[in-house]
Amino acid sequence: MADSKPLKPQWFQILLALTDHELHGLAIMKTVLQQTDGQMHLWPARLYGSLKQMVEEGLIQETDGPAGPGADSDRRRFYRVTTAGRTALATEARRLRSYVEAAEQKNVLAQSERS
């Protein structure tokens, strides 16, 4: 994936959710919902379609999941972010930060708070 190509918003959130640890689909869905304050709900078709495409792009990879007592990795697919995924996430975060910085320079945030 080219570094200059913006990530789809759901891809950004999925990569962000997977940054700290491997997760299965339902956990990704819940994490994205939480980290977006309920603004982004990844319904199963969108989530699993995105995961499939992200695996194909090399941004994430499927893993065996956690091992040990109580692990339900036999029934669920777990995913982890790849080095390419971390690079794409950082590139996108820098791109988004530059947008916010431009808005701050124009005092847009302060204007909207007064309205």
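Starting from 1, each residue takes its place in the sequence as its number. Just so it is clear, the structure is predicted and the values come from calculations on it, not from any experiment.
Atom CE of M29 and atom NE2 of H24 lie 10.5 Å apart (nearest 0.5 Å). To the nearest 0.5 Å, atoms OG1 (T36) and CG (L42) are separated by 8.0 Å. Within the model, atoms CD of E22 and CD1 of I60 stand 11.5 Å from one another, a figure rounded to the nearest 0.5 Å.
For E92 (side chain) and L7 (main-chain N/O), a donor-acceptor pair under 3.5 Å exists by modelled atom type.
Listed here is the closest heavy atom pair of N107 and A110: OD1-CB, 3.1 Å. The minimum heavy-atom distance between A17 and Q35, with the atom names listed, is N-NE2, 3.8 Å. The two residues Q10 and M40 come nearest to each other via the heavy atoms CA-SD, 3.7 Å. Taking both residues in full, the closest heavy atoms of A84 and L59 are given as O-CD2, 3.9 Å, listed atom of the first, atom of the second, then distance. Between L18 and Y79 the shortest heavy-atom distance is CD2-O, 3.4 Å. The shortest heavy-atom contact between T63 and R80 is CG2-CG, 3.5 Å.
No single ILVMFWY cluster, assembled from side-chain heavy atoms under 4.5 Å apart, contains both L33 and W11. A single hydrophobic cluster is not seen to contain both V100 and V108; linkage of ILVMFWY side chains at heavy-atom distances under 4.5 Å, directly or through other members, places them apart.
R86 CZ: more than 12 foreign heavy atoms inside a 6.0 Å radius. Taking a 6.0 Å sphere around CD of Q34, one finds it holds 12 or fewer heavy atoms contributed by other residues, nucleotides or ligands.
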Apply side-chain contact (heavy atoms from CB on, under 4.5 Å) to residues I28 and L47 and explain how you reach the verdict. CA-CA 9 Å; I28 293 170; L47 172 67; 3.8 Å; yes
Yes or no on side-chain contact (heavy atoms from CB on, under 4.5 Å) for F12 and L89, after CA distance, side-chain angles and deciding distance? CA-CA 6 Å; F12 180 84; L89 178 62; 3.4 Å; yes
For S50 and I14, what are the C-alpha separation, side-chain angles and deciding distance, and is it a side-chain contact (heavy atoms from CB on, under 4.5 Å)? CA-CA 9 Å; S50 293; I14 291 168; 3.9 Å; yes
Test log, rule side-chain contact (heavy atoms from CB on, under 4.5 Å), inputs M54 and L15: CA-CA 9 Å; M54 293 172 75; L15 289 171; 3.6 Å; yes
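Applying the salt bridge (Lys or Arg N to Asp or Glu O under 4.0 Å) test to K30 and every residue at least two apart in sequence or in another chain returns nothing. The side chain to side chain donor-acceptor pair (under 3.5 Å) test applied to Q105 returns no partner, not counting sequence neighbours.
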